[in-house]
Number of protein chains: 2
Amino acid sequence: MNAFDTREKVTLADVALQAGVSVMTVSRVVNDRPGVGASTRERVRGAISALGYRPNIVARGLKAHRSCTIGLLVPDVTNPYFPEIVRGAEDVAIAHGFTLLLTNVIEDVEREAAALEAFEDRRVDGVIACSPRLSAERLDVLLARHHAAVIVNRRSAPDVAGSVRIDHEQGMRQLIRHLVATGCRRLGVIAGPSHSYAGRERMLGLDRETREHGLDLPDRHVVAEAPTVEGGERATRTLLTRNPSLDALVCFNDLVAAGALLTLAEAGIAVPTDIAVVGYDDIPFARMFTPPLTTIRASTYALGQHAMTMLLERMEGRGRGVDIVLQPELVVRASTRACTDAA
Amino acid sequence: MNAFDTREKVTLADVALQAGVSVMTVSRVVNDRPGVGASTRERVRGAISALGYRPNIVARGLKAHRSCTIGLLVPDVTNPYFPEIVRGAEDVAIAHGFTLLLTNVIEDVEREAAALEAFEDRRVDGVIACSPRLSAERLDVLLARHHAAVIVNRRSAPDVAGSVRIDHEQGMRQLIRHLVATGCRRLGVIAGPSHSYAGRERMLGLDRETREHGLDLPDRHVVAEAPTVEGGERATRTLLTRNPSLDALVCFNDLVAAGALLTLAEAGIAVPTDIAVVGYDDIPFARMFTPPLTTIRASTYALGQHAMTMLLERMEGRGRGVDIVLQPELVVRASTRACTDAA
DNA sequence: TTGAAAGCGCTAACAG
DNA sequence: CTGTTAGCGCTTTCAA
């Protein structure tokens, strides 16, 4: 520690002493409040910069019952789908003077619950839970303890949390329609985690759309796995062993699809000639896969922005019960066959 | 708000009242401290769960001069290189009872400075700055105001911050050696942001290694760009226009290399036959590019773990002046030619 | 225009 | 074993 060390924190009292005034006067100057003479104000300003004073937001928050902090819960930042949401949410938060407390819960339900409680202990002003895996009951109890909450990619009781989500049923229906239109009939499905709300929505769309097309979808064509590249690799091996004649693979997300593509390439199975592959999310790399991936896109940056905006509104007691649903869009690339007129 | 609403925060005093004891007794029970009779302890426990009390960590921190919070500064979570570091750091932090305050500074120097000040205002117990772009002088001033700090991917004055970094000079040398060994002679370089420490280290390795091989590297073969896919696309177009005869492209990172690959594919230039491409970082998707990317790998998860471990040590006043240097490893894939015996 | 007192929720340091 | 006092850094309230 040398003379330039500024680690010992300067307090209002230190500044007050240096400027020869009371702490209240300093507080007024710091907060740009009236009731301080021009000359005093100057003197205090001088002391503040001389001492390198910075207000302690934590102490301020203790009094004001706010932390200017927002808890953001994310399944896994390592999945490129989520960082975009984080950025969208963060940009809005920072613009409003809030800082983000980020927690990765690595697809673990208990870690998710623990994170929500940790947020509470830190008295965050609000929480955004992305794709939570907790059961609706537990999640509601945990979220109800927070001042304000918003859930991303899932619905909730409106007085507990707002929600911003993507119409996954429609997204999945678009995917299936596209596959059918390009001549696929024997679909294999790699479903995501069983507690995934988005996953269930997608399965709903899948069931309905396949039924409308009179397609058969036996249980052995469906495998549930972790929503990762490795999960996709495992699931693809399982599916192909069980059903060598599949002509399309519907993957829970782009990561899973990536695993599928890798496994198919290793096995020497041509995509999309032998088998078509579709993903979900349109992560930034989807266009660079081999072959580029047909998938479903929704603006995740916007998702994050909406979520944070809604949260800020709820924190002020406005906008209760809002449920924003964004429509996703089909992105056709080379992992599916060219459109025939058959459909 | 209904009867189950738990948003109104319960305090120690509330619990004390309910249990008919003093706040100190409750505090002792909450913190599992001795000096409370078994029956009293039970009664207090009952009151705690009846009221759903959770200690306010912020208030506790005000007294103890600690926030149990660590500030993590990241250039851009959207770059797959960083989430792994975040995970490594977070896993260690959580294991020690700390929560992460994460800030993306989107490669913006001013946002970086603002984030470091925001961390200070929140009295974080320590800071980790990943790949900071601030000048050494400004960074040192800002970091010196923190209790403890660690810089990732860059060096610093040991009393200001510890450092954990990758030996980028060696990494780049390995890359160049590999290119030379596979017959490349006319290298084009897409450098990163000019204030990037890692970038300068890599350029150093590049200069030295090319010189040792007697290779010429004129200025017009080097272009600086944003370290993103888009930056890579722009830079590649510029380079190829200026120098149509390049036989290798050395990219600042894998994102840039991705942009290069996309641009080359569009232009109908074959990789690696016409031109070889190398990246840096080995992000998880590098193996899935078209063609799979030759690049440099270092365990970023370990980088994050080391950084946090070092920070925790420094927070306790131990381990001053440590500088951990991790050796990176060459990963050869199909974006470079097969090894000839020419070298 | 300025300041003194009280208190946010909690705990360390002493009483009893 | 249990409680009282004081104070962390700040702001709100009221008085001078």
Side-chain angles (χ1 to χ4, degrees), chain A residues 6-45 47-48 51-69 97 120-125 145 147, chain B residues 6-45 47-48 51-69 97 120-125 145 147:
Chain A
T6 25
R7 289 172 210 216
E8 303 314 317
K9 286 302 168 191
V10 180
T11 72
L12 267 192
D14 298 324
V15 178
L17 198 69
Q18 166 94 1
V21 295
S22 76
V23 289
M24 258 325 289
T25 303
V26 181
S27 172
R28 289 190 182 102
V29 173
V30 169
N31 296 291
D32 274 319
R33 293 261 246 274
V36 182
S39 66
T40 317
R41 198 175 284 271
E42 264 328 291
R43 197 147 35 90
V44 172
R45 287 238 170 81
I48 287 177
L51 266 43
Y53 170 77
R54 298 224 112 220
N56 182 335
I57 297 207
V58 174
R60 189 181 279 173
L62 183 63
K63 204 128 231 236
H65 294 280
R66 57 208 302 278
S67 57
C68 296
T69 296
E120 195 192 338
D121 296 348
R122 288 203 150 65
R123 301 298 188 268
V124 296
D125 297 326
R145 299 182 58 93
H147 248 114
Chain B
T6 24
R7 290 174 208 214
E8 303 314 317
K9 287 302 168 190
V10 179
T11 72
L12 266 193
D14 297 325
V15 179
L17 198 69
Q18 165 94 0
V21 296
S22 76
V23 289
M24 259 323 289
T25 303
V26 181
S27 172
R28 289 191 181 100
V29 174
V30 169
N31 296 293
D32 275 317
R33 293 264 244 277
V36 182
S39 67
T40 316
R41 200 175 282 270
E42 264 328 293
R43 198 149 33 91
V44 173
R45 287 239 171 80
I48 287 176
L51 266 41
Y53 171 77
R54 299 223 109 221
N56 182 337
I57 297 207
V58 175
R60 190 181 278 173
L62 183 62
K63 181 122 245 273
H65 296 280
R66 57 207 305 278
S67 58
C68 296
T69 297
E120 194 191 339
D121 296 348
R122 291 204 146 66
R123 300 297 188 269
V124 296
D125 298 327
R145 300 183 59 93
H147 251 113

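Each chain gets a letter, A, B and so on, in the order the sequences are listed, and its residues count up from 1.
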Exercise for the section: Would you please test Arg122(B) and Thr69(B) for side-chain contact (heavy atoms from CB on, under 4.5 Å) and show each step? Expected result: CA-CA 9 Å; Arg122(B) 291 204 146 66; Thr69(B) 297; over 6 Å; no

Problem - Residues touching DNA chain C, which here means a heavy atom under 4.0 Å, drawn from residues 17-25 of chain B - result: Met24(B)

Practice task
Please check if the side chain of Arg43(A) supplies one atom and the backbone of Val21(A) the other of a donor-acceptor pair under 3.5 Å.
Solution key: no

Practice task
Answer yes or no: is there a side-chain heavy-atom contact under 4.5 Å between His147(A) and Arg123(A)?
Solution key: no

Completion exercise
Rounding to 0.5 Å, atoms CG (Leu12(A)) and CD1 (Ile48(A)) come to a distance of 8.0 Å

Practice task
Find the distance between CD1 (Ile57(B)) and CD (Glu120(A)) and round it off to the nearest 0.5 Å.
Solution key: 10.5 Å

Problem - Interatomic distance, Asp121(A) CG vs dC10(C) C1' [rounded to whole Å] - result: 13 Å

Practice task
Identify the 5'-most and 3'-most nucleotides of DNA chain D with at least one atom closer than 4.0 Å to a non-hydrogen atom of chain A.
Solution key: dG9(D) to dT12(D)

Handout entry: Test item: Thr25(B) and Ser22(B) side chains (from C-beta on) under 4.5 Å apart, heavy atoms
Key = yes

Problem - Nearest heavy-atom neighbours spanning Tyr53(A) and Thr11(A) - result: CE1-C, 3.6 Å

Handout entry: side-chain hydrogen bond (donor to acceptor under 3.5 Å, both in side chains) against Arg54(B), all qualifying residues, sequence neighbours excluded
Key = Asp121(A)

Handout entry: Thr40(B) versus Val36(B), closest heavy-atom pair with distance
Key = CB-CG1, 3.9 Å

Completion exercise
Ser67(A) and Asp125(A) have their tightest heavy-atom pair at N-OD1, 2.9 Å

Completion exercise
When rounded to whole Å, the CZ to P distance for the pair Arg122(A) and dC10(C) reads 14 Å

Practice task
Keeping to residues at least two apart or across chains, list the side-chain hydrogen bond (donor to acceptor under 3.5 Å, both in side chains) pairs with something in residues 55-64 of chain B.
Solution key: Asn31(B)-Arg60(B)

Handout entry: Nearest non-hydrogen partners of Val23(B) and Ala13(B), listed with the distance
Key = CG1-CA, 3.7 Å

Problem - Any residue of residues 55-67 of chain B with a heavy atom less than 4.0 Å from an atom of DNA chain D - result: Leu62(B), Lys63(B), His65(B)

Handout entry: Interatomic spacing from CZ in Arg41(A) to CZ in Arg28(A) - rounded to 0.5 Å
Key = 10.0 Å

Problem - Contacting residues from residues 29-41 of chain A, given that a heavy atom lies under 4.0 angstrom of DNA chain C - result: Gly35(A), Val36(A), Gly37(A), Thr40(A)

